[in-house]
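Single-structure report; data block below.
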Amino acid sequence: MDYKALIEEKDGLRLTGVKNFHPRHVFECGQAFRWDRLDDDGEHYRGIVAGKVLEVKREGEDLFLRHATREDFDQGLRRYFDFGRAYTPLKKRLAQDPCLKEAVKEGWGIRILQQDPFETLISFILSSNNGIPKIRQGIRAISARYGRLISGEGDYAFPTPEELSRATMEELYGLGVGYRAKYIHGATAQVCEAQRLKKESQKRSLTAEEEEAAALDLEELEKLSTEECYERLQKFVGVGPKVADCVMLFSLGKTGAFPVDVWMKKAMDYFYQVEGKSLPRIREAGQERFGTLAGFAQQYLFFYAREKKIRIE
DNA sequence: ATCCAGGAGCAAT
DNA sequence: ATTGCTCATGGA
């Protein structure tokens with residue numbers, strides 16, 4: 001366990017004796033897009049989780065979750081922050097690898113968040129060939145237009161599939177998400193159709209074609225093996241290898257996923273001399289080397305690569 | 001101006 | 001199964 005005790009206070013929840021958690025490492029390793037830094041040293045963030053505004057602040061050995069209750073923690077935040085997992089043994093195993101030892105030292109406070117699958121799906125569809133500030137802006141715009149108002153300060157929850165399905169492609173295009181508008185529109189329709197067919201299947205048997213569409217239900221995807229889940233996710237429009245890996249790792253608990261983007265390509269080349277290899281080959285190399293810990297290895301390497309701005313000639 | 005960003009779809013091979 | 005081109009958008 002990476003914390004000792006929970007203490008309820010008037011305006012939040014305090015975790016004491018917290019290990020392996022640094023807000024900057026958790027929120028700026030490219031896995032989540034709805035957290036804003038409130039201080040200079042990256043110990044205090046404000047974000048939106050499960051339709052509620054939350055502040056996270058590191059105070060020495062404590063982690064203070066403002067606006068959270070013990071019920072919020074038991075119901076979702078514990079899982080969201082991956083507090084069911086002890087990171088010390090995991091980091092020790094990865095640090096056997098001399099290259100990762102350096103990366104783990106740099107991003108010692110990283111944890112892999114378990115986020116909402118639909119929000120993660122749409123967020124990473126938006127991420128393709130896009131910059132992080134622009135991704136954040138797009139998610140904010142989508143939430144403000146289609147999500148529920150959740151505070152008096154203009155905070156909006158990410159829309160449910162039902163809510164986002166009311167968006168037209170033209171409206172989405174107008175939010176500045178570029179050519180990804182049709183992907184977001186299409187993938188949302190696929191999610192809604194899968195949900196509809198799942199209910200329908202309780203009343204009657206589905207045709208083969210309907211079965212295939214129903215298989216895209218996000219709750220069903222979580223039950224699949226890593227490779228089956230990987231293949232299935234890529235049936236969503238706008239979802240290829242990279243986005244599928246991100247959705248698996250950041251929302252479906254598949255720790256063996258190994259998202260490979262331009263930064264990972266640089267990092268794998270820098271550390272493991274895989275230059276010239278195609279993206280699928282680099283993914284294979286990562287999974288071969290790190291197995292079920294591939295996702296963690298990837299996050300430490302990604303954070304290190306961006307932090308050090310490593311360049312390959 | 002050209003290049004790049006947590007890439008994917010599509011056609012051609 | 002793999003490679004090359006194209007796809008909006010804004011910042012460097």
Side-chain angles (χ1 to χ4, degrees), chain A residues 24-35 103 107 110 112-113 115 119-142 167-190 216 227 230-252 254 257-271 274 276-287 294-313:
Chain A
R24 187 170 64 85
H25 297 174
V26 172
F27 300 129
E28 297 191 23
C29 63
Q31 58 178 328
F33 301 105
R34 301 208 71 190
W35 289 93
I110 287 176
I112 293 186
L113 300 174
Q115 306 175 66
E119 176 174 345
T120 307
L121 176 70
I122 301 303
S123 296
F124 279 93
I125 285 174
L126 228 166
S127 81
S128 78
N129 198 27
N130 209 350
I132 289 180
K134 198 71 201 306
I135 299 165
R136 294 165 59 87
Q137 177 192 320
I139 293 169
R140 262 198 307 274
I142 288 172
T168 68
M169 217 180 301
E170 290 73 19
E171 286 171 357
L172 290 170
Y173 200 88
L175 296 181
V177 298
Y179 62 86
R180 305 164 194 87
K182 60 178 179 297
Y183 298 160
I184 294 169
H185 182 80
T188 299
Q190 285 174 287
L216 293 180
E227 279 314 299
Y230 182 63
E231 298 304 323
R232 197 74 61 85
L233 276 169
Q234 293 180 59
K235 295 188 183 302
F236 284 106
V237 283
V239 177
K242 162 64 169 58
V243 173
D245 266 332
C246 286
V247 174
M248 288 202 295
L249 182 58
F250 303 138
S251 74
L252 300 177
K254 308 300 180 189
F258 195 77
V260 179
D261 63 1
V262 292
W263 286 101
M264 272 312 292
K265 195 167 157 55
K266 287 176 194 171
M268 288 294 282
D269 188 7
Y270 178 80
F271 284 122
V274 295
K277 292 193 178 180
S278 63
L279 297 181
R281 292 292 254 163
I282 294 174
R283 178 178 189 266
E284 276 181 30
Q287 293 189 316
F296 300 99
Q298 192 274 352
Q299 282 307 98
Y300 291 116
L301 289 170
F302 179 80
F303 184 79
Y304 184 90
R306 283 182 58 84
E307 201 76 359
K308 300 286 190 183
K309 300 191 192 316
I310 65 176
R311 298 289 178 199
I312 307 300
E313 296 293 314

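Lettering follows sequence order; numbering is per chain, from 1. Only heavy atoms go into these numbers, but all of them, side chains included; no hydrogens, no water, no symmetry mates.
For Y230(A), there are no ring pair (Phe, Tyr, Trp, His ring centres under 6.0 Å) partners, not counting sequence neighbours. Residues passing the ring pair (Phe, Tyr, Trp, His ring centres under 6.0 Å) test with F236(A), sequence neighbours excluded: none. Residues that satisfy the salt bridge (charged side-chain N to carboxylate O under 4.0 Å, His left out) test with E231(A), not counting sequence neighbours, are absent from this structure. Under the salt bridge (charged side-chain N to carboxylate O under 4.0 Å, His left out) criterion, R136(A) pairs with D36(A), sequence neighbours left out. Residues satisfying the salt bridge (charged side-chain N to carboxylate O under 4.0 Å, His left out) criterion with R283(A), sequence neighbours excluded, are E227(A), D245(A).
Here the C1' atom of nucleotide dA8(B) and the CG atom of D261(A) are 14 Å apart, to the nearest Å. L279(A) places its CG atom 11 Å from the C1' atom of dG6(B), with the value rounded to the nearest Å. The separation between E231(A) atom CD and dA1(C) atom C1' is 12 Å, rounded to whole Å. At whole-Å resolution of the value, CD in Q190(A) and P in dA8(B) are 14 Å apart. For the pair I184(A) CD1 and dG9(B) P, the computed distance is 13 Å after rounding to whole Å. Counting to the nearest Å, the C1' atom of dG6(B) and the CG atom of L301(A) are 14 Å from each other. Distance, R306(A) CZ to dC4(B) C1': 13 Å, rounded to whole Å. If you take CZ of R283(A) and P of dA1(C), they are 15 Å apart, rounded to a whole angstrom.
Within the 3.5 Å criterion, the main-chain N or O of V260(A) finds no donor-acceptor partner in the side chain of Q298(A).
Among the protein residues, F236(A) comes within range of the sugar-phosphate backbone only, with heavy atoms under 4.0 Å from sugar or phosphate atoms but none that close to a base. Contacts of P241(A) with the nucleic acid, taken as non-hydrogen atoms under 4.0 Å apart, involve only primed sugar atoms and P, OP1 or OP2. Heavy atoms of Q234(A) sit nowhere under 4.0 angstrom from any nucleic acid atom. Using a 4.0 Å heavy-atom criterion, one finds that G238(A) contacts the sugar-phosphate atoms exclusively.
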Under a 4.0 Å heavy-atom criterion, the protein footprint on nucleotides 6-12 of chain C, written with B, S and -, is -BBSS--

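dA8(C) and dC3(B): their C1' atoms are spaced 15 Å apart (whole Å). Only the P atoms considered, dG4(C) is 24 Å distant from dG6(B), to the nearest whole Å.
No close placement of the F258(A) and F302(A) rings is indicated, their centers lying 6.0 Å or farther apart.
You can call F302(A) stacked on the base of dG6(B); the centres are under 5.5 Å apart and the planes sit within 30°.
In terms of position along DNA chain B, the nucleotide closest to C29(A) lies nearer the 5' end than the nucleotide closest to the other residue of the pair V237(A) and C29(A).
One finds a side-chain N or O of K266(A) lying less than 4.0 angstrom from the OP1 or OP2 phosphate oxygen of dA5(B).
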